[in-house]
Amino acid sequence: MRKSMKKKLGLFLFSMIFVFAFTACGNTESQEGNSNEKMDSKNNIETSMNNKEEESEETTDITLDASLSGLDLLKSITSSRPKSMIMESTMDAGGMTTKTITYYNGDDVRTESEMEGYDTTVSLYFPAQETVYTYVLNSTEGTKITGLSMEDASGVVPSDNMELFAAINEEASPDLTARVETLNGEEVIYIESSEVDEEMGDAEIHMWYSAKYATVLKYELYMNGGLYMTYQVTSIDKNVNIDKDLFVPPADVTFAEVDYGAMFGGDMDYLDMDEEDVMDMSTEDLMNMMEDLGGALGGN
């Protein structure tokens, strides 16, 4: 768990830096236009839910065995993510709140993330092409990032914390806590894992995983007794008819193509950093890293 915990925090920092960098490169000329586009997105959600009956639904119910606990319970999970799903979530960390709408269409993922005071950042992730398109609403410029492995993408596309759940499942200690609970009317698996590390201090994870949706519905990370990060799904629906146009890069945005590995080359060799190095970075170093990344994405 030690390596996975640090990797999760490192990926979170990288993800936040990406969001800031893309937002800084975006055109914030029209808040009204931004609001209109977000309203269109919300209408797409409502339309999808209204058309839910038109979609062929997966009718298999996932039943958790409440008699199991710990590793036995985790090993009993056989669920997979629905073919289509729309999810709204909120993440709080470091005094920043990020609200995200995530659309799952097969393996492809669209996210719309907004931080207070910043325009909405959109990411389109196509794992089969190892490609992510990212742009800010109302901006005419964006970035097409190629050469992204699944692991790389978790540091670029806003996280749903599934990589951490997978790490817990693979590297769980025998004394891990896992039991069946109910969260907001949904049957979930509550997971609790703790660790003491000389560099990180005391770290504790509380997680609520839904086998029905094959995703994390709630997550809390405590560092040295204090709440460090929270994540909560506020709305979720599966087997919905999602507008395919949501997964088409907009024609009015010019995308600068960059290779993920090359983007971090030269003086910006962040890929060679260990997660421990990311954790130890000062605020000034993180800001410099953000500026470098923003320059690379903006073509400056």
Side-chain angles (χ1 to χ4, degrees), residues 1-23 87-102 109 111-118 121 123 151 153-172 176-178 181 183-184 188-210 213 215-236 270 273-283 285-287 289-290:
M1 276 296 295
R2 176 177 180 271
K3 182 178 180 180
S4 298
M5 181 87 73
K6 289 184 176 178
K7 185 171 185 178
K8 169 60 185 174
L9 295 177
L11 288 174
F12 170 75
L13 290 174
F14 276 125
S15 180
M16 297 298 287
I17 289 169
F18 263 87
V19 172
F20 271 121
F22 282 120
T23 301
M87 182 171 71
E88 296 184 49
S89 61
T90 299
M91 176 178 285
D92 292 288
M96 297 181 293
T97 298
T98 304
K99 294 183 178 180
T100 301
I101 302 175
T102 305
V109 183
T111 61
E112 301 171 4
S113 298
E114 181 182 14
M115 284 190 240
E116 186 175 356
Y118 294 87
T121 299
S123 295
E151 183 176 3
S154 62
V156 178
V157 181
S159 172
D160 61 4
N161 292 289
M162 282 305 297
E163 71 276 5
L164 182 58
F165 173 77
I168 289 176
N169 210 356
E170 292 171 3
E171 305 174 21
L176 171 140
T177 296
E181 289 190 355
L183 177 69
N184 299 326
V188 297
I189 296 177
Y190 171 73
I191 302 168
E192 187 174 314
S193 181
S194 60
E195 175 186 357
V196 178
D197 183 272
E198 292 182 359
E199 298 174 356
M200 291 175 55
D202 297 337
E204 188 171 297
I205 294 174
H206 298 180
M207 180 180 291
W208 291 258
Y209 172 83
S210 169
Y213 299 104
T215 195
V216 176
L217 295 183
K218 185 177 178 180
Y219 165 86
E220 297 173 346
L221 173 63
Y222 294 85
M223 300 294 296
N224 298 315
L227 185 58
Y228 178 81
M229 184 191 306
T230 65
Y231 168 88
Q232 174 108 33
V233 172
T234 57
S235 175
I236 190 168
Y270 298 134
M273 295 175 62
D274 294 331
E275 287 78 19
E276 291 89 342
D277 296 330
V278 177
M279 294 285 293
D280 292 337
M281 289 178 72
S282 65
T283 301
D285 289 338
L286 285 172
M287 292 300 293
M289 183 176 175
M290 187 188 306

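Minimum interatomic distance between Tyr219 and Trp208 (heavy atoms only, all atoms of both residues): N-CE3, 4.2 Å. Pairing each heavy atom of Leu176 with each of Glu192, the nearest pair is CG-O, 4.0 Å.
Ring pair Tyr222/His206 is tilted by interplanar angle, where 30° to 60° counts as tilted.
Between atom CE of residue Met87 and atom OG1 of residue Thr102 there is a gap of 4.5 Å, rounded to the nearest 0.5 Å. To the nearest 0.5 angstrom, Glu220 atom CD is 11.0 Å from Met207 atom CE. Interatomic distance, OG1 of Thr230 versus CG of Leu221, reported as 10.0 Å (0.5 Å rounding).
When each of Ile236, Val233, Leu217 is checked for a side-chain contact (heavy atoms from CB on, under 4.5 Å) with Ser210, only Leu217 meets the rule.
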| task | Tell me, with the steps shown, if Ser113 and Thr100 meet side chain to side chain donor-acceptor pair (under 3.5 Å). | result | CA-CA 4 Å; Ser113 298; Thr100 301; 3.0 Å; yes
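Scored by the side-chain contact (heavy atoms from CB on, under 4.5 Å) test, Thr90 finds Asp92, Thr97, Lys99, Thr234 as partners (sequence neighbours excluded).
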